[in-house]
Amino acid sequence: MGFIMDGLDAESYDRAYTDRALVARIVGYFRPQAGIMIFVAAMILLSSLADTVLPILISRGIDTVRTAQSFGVEALLVGAILISGVVSWLLNYLRQRNTARAVGDVVLKLREDAFDAVLKRDMSFYDETPSGKVVSRVTSDTEDFATVVTLTLNLLSQLLLVLLLMGVLFYINVRLALLAVALIPVIVITALAFRRIARRTTQHARRALARVNGLVQETISGISIAKNFRQERAIYDEFRGVNAQSYAVNLRQGLVFTGIFPLLNTVAGIGTVIVIYFGGLRALDHTVSPGSWYLFVQAIAMLWFPLTGIASFWSQFQLGLGASERVFALVDAEPRVVQRRVEPVERLAGRIEFRHLDFRYVEDQPILRDFSLTIPAGQTVAVVGHTGAGKTTLAKLIARFYEFQGGELLIDGRDIRSFDLRAYHRHLGIVPQVPFLFSGTVADNIRYARPDAGDAEVAAVARSIGGGDWLDALPDGLATEVGETGRSLSMGQRQLVALARVLLQDPSILILDEATASVDPFTEAQIQEALDLALRDRTAILIAHRLSTVKHADRILVMRSGEIVEEGSHDTLLAAGGHYAHLYNTYFRHQSPDYRPGEGFVAVHAAEAV
Amino acid sequence: MANREFTVAGEYRYDRSGPIRWIASHLLRHKRYLALFVGGTVLAQVLNAVVPILTGQAFAIVLGPHPDAGQLGRVSLAILGVVLALFVVAPSGAFASEVLAQRIERDARDELYLSLLGKSQTFHNQQRVGDIMARTSNDVRQLNPMINPGVSLILDSFSGLVIPILFIAFIRLDLLLAPLLFTVAFLIALRAYTRQLNPVSGEMRGRFGQLNAGLAETINGIEVVKATAQEPWERAKFDVNARGYRDAFVHNGRIQARYLPPLFIGVALAIALIHGLYLVTHGQLSVGSLIAYIGLVALLRYPSFISIFTFNLVQLGLAGSQRILALMRQESDLDENESGYRAPIRGEIVFDDVTFGYGDTPILEHVSFRAPAGATIAVVGQTGSGKTTLTKLVNRTYDVTAGRIRVDGVDVRDWSMDALRSQISTIEQDVFLFSRSIAENIAFGLGSRADRAAIERAARDAQAHQFIADLPEGYETVIGERGVTLSGGQRQRLAIARALLTDPRILILDDSTSAIDSATEDEIQHAIRRVLEGRTTLLITHRLSQIRWADHILVLRNGTLVDQGGHDELLARCDDYRRIFAHYDPALAGVPTPAGEGAA
């Protein structure tokens with residue numbers, strides 16, 4: 001089924017399954033529902049039979065009314081029609097009800113499996129895959145799968161009805177039946193051709209629409225600027241042009257879709273004409289009874305609707321298989337981080353040692369080569385360097401988010417590959433560059449790493465930062481709702497919450513990727529105060545972007561192309577005039593309170609000024 | 001509608017007294033298409049109903065006393081004629097409804113846009129851009145599916161129910177028994193079904209949203225989840241959501257399975273048949289009429305499958321119209337004061353015991369300060385301390401609750417609003433640029449009157465000329481096209497160029513975006529220095545260096561002015577102010593900074 005995936009959707013972990021493997025896997029998910037599925041199949045069969053009986057009974061009614069004179073037979077027939085109608089409805093009711101249950105359970109299981117797989121993936125997976133695509137595999141693709149299963153069952157019952165009806169027609173009169181079904185290919189081809197045209201127009205229209213929608217949005221957000229500068233006429237003229245274009249594009253697309261049903265209806269109508277005329281001729285020469293003739297008329301009306309459905313089914317079915325293939329690829333993706341042993345991790349001192357370590361994200365592009373570094377327990381290390389120098393890589397390796405290819409990484413002298421990862425992570429505090437908050441209150445977020453922490457403990461930690469000033473700026477203090485991804489809080493406030501979270505967690509090792517976003521000076525001062533607290537008594541690796549942070553570090557590591565080129569304190573490195581001095585001129589100079597544009601450069605030896 | 005700042009000639013007037021009237025007045029604007037839509041839809045149903053009648057005639061000919069192949073042929077041809085007529089009529093109605101749907105969307109957007117342009121700047125400053133966007137995009141777009149398929153399907157189903165019943169009445173009045181019973185039962189069942197299904201399908205959508213949002217949150221925060229080893233907790237949360245959705249899905253399926261009208265159609269068919277057969281055996285109805293009758297009753301199957309979805313579409317459209325109308329009816333509460341004071345501004349701003357609040361919540365309390373003409377005033381304070389609000393009082397985006405603000409000695413409420421605002425310019429943190437050429441963006445404030453030389457001069461003064469010249473098409477580069485995106489610093493410099501060209505006397509500058517590297521910062525600060533020259537500026541900034549070099553600093557805390565003055569005096573006496581420099585204290589003592597020595 002690999003051909004279903006167009007280049008747009010493919011991810012590195014995607015794989016192609018054979019149709020057989022795919023179907024076998026899907027059947028596997030339905031196995032626990034075997035009882036219900038057999039029942040549903042029986043309902044489909046029986047209800048199709050009941051639906052077929054209905055027009056036959058009506059035709060018999062027409063025939064008997066002309067021959068038999070007693071009304072009793074008629075009454076019996078009508079009674080049978082009533083029963084077949086009621087039974088058909090009941091069977092359908094049972095079928096739909098049970099299908100919903102079976103599909104609901106299968107999708108639930110599929111989602112749980114997909115989610116478990118998501119949680120097991122290492123960070124390399126999340127760095128490579130946009131989060132929206134992972135979400136859509138777990139929710140939308142499983143949903144598509146469910147829709148197709150329901151659709152398949154509906155279609156199966158319609159297909160069965162078509163076959164049964166055609167069987168009856170051929171049984172009554174082969175030549176008339178041949179005439180009646182002559183139009184079936186026409187209907188199927190028309191429906192297929194339409195799908196083709198529709199797909200092409202939709203593609204064209206989608207591109208045009210995206211552009212037009214964007215333009216309309218822009219002209220609308222431009223209103224207040226236009227008013228600011230008193231340019232209403234100009235922007236209104238632009239808007240009118242865009243709006244007219246939007247109308248034209250939408251209309252063209254809409255018209256294609258309104259045409260198809262009348263067209264199919266007409267084909268079916270011609271079928272009716274054929275059956276009435278040629279059936280009438282047969283009835284005239286008594287080859288078929290008037291009742292049978294009427295049966296043909298009814299059958300044509302019953303046949304054409306399911307047929308258009310069948311025509312479009314195959315592509316829908318492919319979509320469903322493609323969706324399930326994407327879900328299974330997610331479930332089956334191989335983890336890259338492999339633990340050799342799972343040993344418990346008690347309290348750590350926090351000594352970190354890289355020994356001749358080799359690491360690369362992609363084959364042939366080494367990031368770290370024969371990299372060695374020792375950070376004693378309790379030291380605060382600031383790592384600086386240009387983008388791509390390998391600063392973040394160090395942090396990610398210590399967090400065991402990535403697998404390295406050679407050498408060793410020791411924590412307190414123990415191989416990091418021998419740890420129970422979940423236990424290890426409890427002793428590791430991480431503050432990402434853009435702090436992430438979960439929806440809920442500020443207190444919920446501080447408590448996230450230790451859900452058992454009491455209210456008093458949370459409040460104490462929060463108050464320990466800058467005397468708790470920052471809580472006064474929140475509308476409801478600790479009970480303030482942070483909104484989705486922390487949206488209701490300012491960036492600076494989010495960083496304070498993230499730092500409070502780490503303080504409560506009390507890890508042995510802290511990894512902090514310093515934020516680059518600008519924060520008002522008061523909040524900034526509080527963040528610095530929180531940072532002082534967080535760095536006390538633990539090993540800390542800071543990916544530093546702020547002048548005040550590098551100045552306060554015990555040790556600065558200057559990285560370039562995966563190597564440590566300099567290390568020392570701020571003042572000594574600055575005086576040395578090497579790579580650090582160059583970095584200072586480039587990134588830190590303007591952060592000084594004394595800064596004036598174009599001034600404040602420190603001297604750099606020409607050899608280092610690259 | 002009285003205070004409008006912008007109108008166009010020959011504007012069509014719609015009835016805005018209520019959503020239904022408003023939609024009707026939009027539809028009535030296109031009377032021909034409306035007629036074609038209603039006529040085409042109804043006529044198609046009439047033709048549909050003629051087919052069973054003619055079928056009945058065919059049977060009457062064959063089963064009658066004088067069977068005749070020629071007559072059968074003529075009736076068959078008549079049916080063919082009806083089918084071909086349907087081929088023309090049915091699409092016409094459908095096309096007309098599509099045209100109406102697209103036009104109502106287009107016209108409503110135009111109407112709303114014009115109305116928004118007519119509203120005052122005050123109105124726009126008070127609206128959240130997101131809200132207006134939601135109305136103009138989502139609510140306006142919702143009008144389209146409301147007409148087609150919404151209204152169009154409802155009309156189709158309604159005439160598909162009524163017309164066959166009318167035809168049956170013509171065959172024999174008492175044959176109406178079964179169809180009318182069906183209609184009553186159908187309408188009652190439909191109502192009950194809608195009432196049962198709506199909350200459940202709403203719940204299902206809600207649960208799906210929860211499932212999606214919860215999952216997105218877990219994945220976006222996966223680094224935190226993993227780093228804190230909280231996977232089991234996230235799994236439990238996901239399970240609750242996934243199970244909630246599963247239960248709603250199954251419940252929804254159960255209610256859909258219980259849809260009764262298909263059962264009623266079966267029963268109605270049985271009743272119709274026994275009724276018809278009874279009349280035939282008693283010689284009161286011909287077999288041909290019976291066939292026609294059964295055929296017409298069978299047509300009722302079509303409306304019985306009308307989707308609940310169509311009613312929801314109409315409801316959504318009406319709700320959207322309500323919101324659009326509310327927005328169009330809203331009037332701005334500040335008067336324009338056209339006869340007010342007019343003069344070129346020199347630039348002195350005085351806040352005299354100013355208090356401002358929304359309702360009972362005070363935002364600013366008893367703020368007093370004086371900004372001499374040409375001075376740069378830095379406003380510092382925590383997020384939410386009232387910095388932005390303070391600046392918005394100057395151009396009367398909001399009016400003070402108590403106290404007063406004077407510009408050049410005249411209360412801002414006594415200025416003509418036009419004279420006041422046209423001389424005050426604001427550069428916000430998020431700079432908005434149009435998808436036009438850079439030259440047009442810079443010249444935006446002057447319309448087409450700015451010449452290229454003036455534009456380039458402004459760009460040079462704003463330190464923007466260099467990066468503009470480096471773009472593939474220079475000043476003609478269209479922003480947003482072929483991946484041309486500008487950094488925050490570059491957008492800011494374009495906004496500065498735009499402001500330089502209009503030359504405001506008072507400038508409100510929110511300079512809160514930070515440059516990543518010092519070279520960019522150098523350029524931005526050079527540009528800002530240029531734009532500050534010779535005008536009074538209220539500057540909101542996070543940069544310590546900018547704060548310390550300002551002429552005058554206002555320190556805000558929770559809406560009160562805790563202190564004001566120059567850098568050194570504040571450092572000496574204000575604890576709040578000293579705190580923000582505390583971490584740089586050693587830096588203040590002096591870092592080796594041999595000025596002027598540049599890196600290569």
Side-chain angles (χ1 to χ4, degrees), chain A residues 65 71 74 78 81-82 85 89 93 96-97 100-101 104 108 111 115 119 126 131 134-135 139 220 224-225 227 229 232 247 250-251 254 258 262 266 269 273 276-277 280 283-284 422 425-426 430 436 449 490 518 520-522 525 528 548 585 589-590 593 595 597-601 603-604 609, chain B residues 6 58 62 67 72 76 79-80 83 87 90-91 94 98 102 106 117 121 124 136 212 215-216 219-222 224 227-229 231 238 242 246 249-250 253-254 257 263 266 270 274 277 280-281 382-383 432 445 514 518 521-522 525-526 542 544-545 579-580 583-584 593 595 597-600:
Chain A
V65 76
F71 190 64
E74 304 292 335
V78 173
I81 288 172
L82 193 61
W89 186 86
Y93 165 72
Q96 287 189 37
R97 206 188 140 106
R101 223 184 89 192
L108 178 63
R111 282 191 177 145
F115 186 74
L119 281 185
Y126 295 100
S131 64
V134 182
V135 172
T139 57
I220 285 161
S224 66
I225 298 292
K227 295 205 76 71
F229 289 103
E232 287 95 339
Y247 167 76
N250 278 298
L251 186 63
T258 49
T266 308
V273 175
I276 286 175
Y277 181 67
L284 276 177
R422 290 231 339 259
H425 280 154
R426 282 199 198 100
I430 299 183
F436 186 87
S490 77
S518 95
D520 72 75
F522 289 97
Q528 295 297 343
S548 64
N585 285 337
R589 174 171 55 88
H590 71 280
Y595 165 78
E599 298 172 10
F601 292 97
V604 175
Chain B
F6 178 70
V62 173
L72 176 66
S76 300
I79 298 177
L80 187 63
V83 168
F87 182 57
E98 182 66 29
Q102 299 292 353
R106 179 193 66 183
L117 275 177
Q121 183 65 37
H124 285 286
T136 37
N212 248 323
L215 180 62
I219 291 177
N220 286 322
I222 192 77
V224 181
T228 52
E231 286 98 334
F238 177 81
R246 179 259 176 209
F249 178 84
V250 172
R254 261 206 314 266
L263 176 65
I274 189 100
L277 287 173
V280 172
T281 35
Q382 213 164 335
T383 310
F432 181 85
S514 62
S518 306
E521 182 72 10
D522 286 344
Q525 292 311 322
H526 275 302
H542 293 167
L544 296 183
S545 58
R579 191 177 179 188
I580 67 179
H583 254 76
Y584 292 88
T593 51
E597 246 179 286

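So you know, we letter chains A, B, ... as the sequences are listed, proteins then strands, and number each from 1.
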Looking at [atom1] of [X] and [atom2] of [Y], how far apart are the two atoms once the value is rounded to the nearest 0.5 Å?
X      : Y      : atom1 : atom2 : result
B:R254 : A:Y93  : CZ    : OH    : 7.5 Å
B:Q525 : A:H590 : CD    : NE2   : 9.0 Å
B:I222 : A:F436 : CD1   : CZ    : 10.0 Å

If you tally heavy-atom pairs under 4.5 Å against chain B, which of [options] wins?
options                      : result
A:A525, A:G85, A:G280        : A:G280
A:Q96, A:R101, A:H425        : A:H425
A:P521, A:S131, A:S548       : A:P521
A:I430, A:I81, A:N250, A:L82 : A:N250

Next on the checklist: Only pairs of heavy atoms separated by less than 4.5 Å count here; which of B:G253, B:P67, B:A227 has the most with chain A?
Outcome noted: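 The answer is B:A227.
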Next on the checklist: I'd like to know which of B:N212, B:V280, B:L544 tops the heavy-atom pair count under 4.5 Å against chain A.
Outcome noted: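 So the answer, after comparing B:N212, B:V280, B:L544, is B:N212.
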Next on the checklist: Quick one, B:I219 with A:F115, criterion side-chain contact (heavy atoms from CB on, under 4.5 Å). Give me CA distance, side-chain angles, the key distance, then yes/no.
Outcome noted: CA-CA 10 Å; B:I219 291 177; A:F115 186 74; 5.8 Å; no
Checklist entry - Heavy-atom count around A:Y277 OH within 6.0 Å, excluding the residue itself: above 12? => result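 Atom OH in A:Y277 is not packed in, count stays at 12 or less.
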Next on the checklist: Check this for me: A:Y126, atom OH, are more than 12 non-hydrogen atoms of other residues, nucleotides or ligands nearer than 6.0 Å?
Outcome noted: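 Yes, the 6.0 Å shell around OH holds more than 12 heavy atoms from other groups.
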Next on the checklist: Taking side chain as everything from C-beta outward and backbone as N, CA, C, O, which of these in A:L108 sits under 4.5 Å from a heavy atom of chain B? Side chain, backbone, both or neither.
Outcome noted: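 Contact with chain B involves the side chain of A:L108 alone.
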Checklist entry - Any side-chain heavy atom of A:L251 sitting closer than 4.5 Å to one from B:E98? => result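 Yes, at least one pair of side-chain atoms sits under 4.5 Å.
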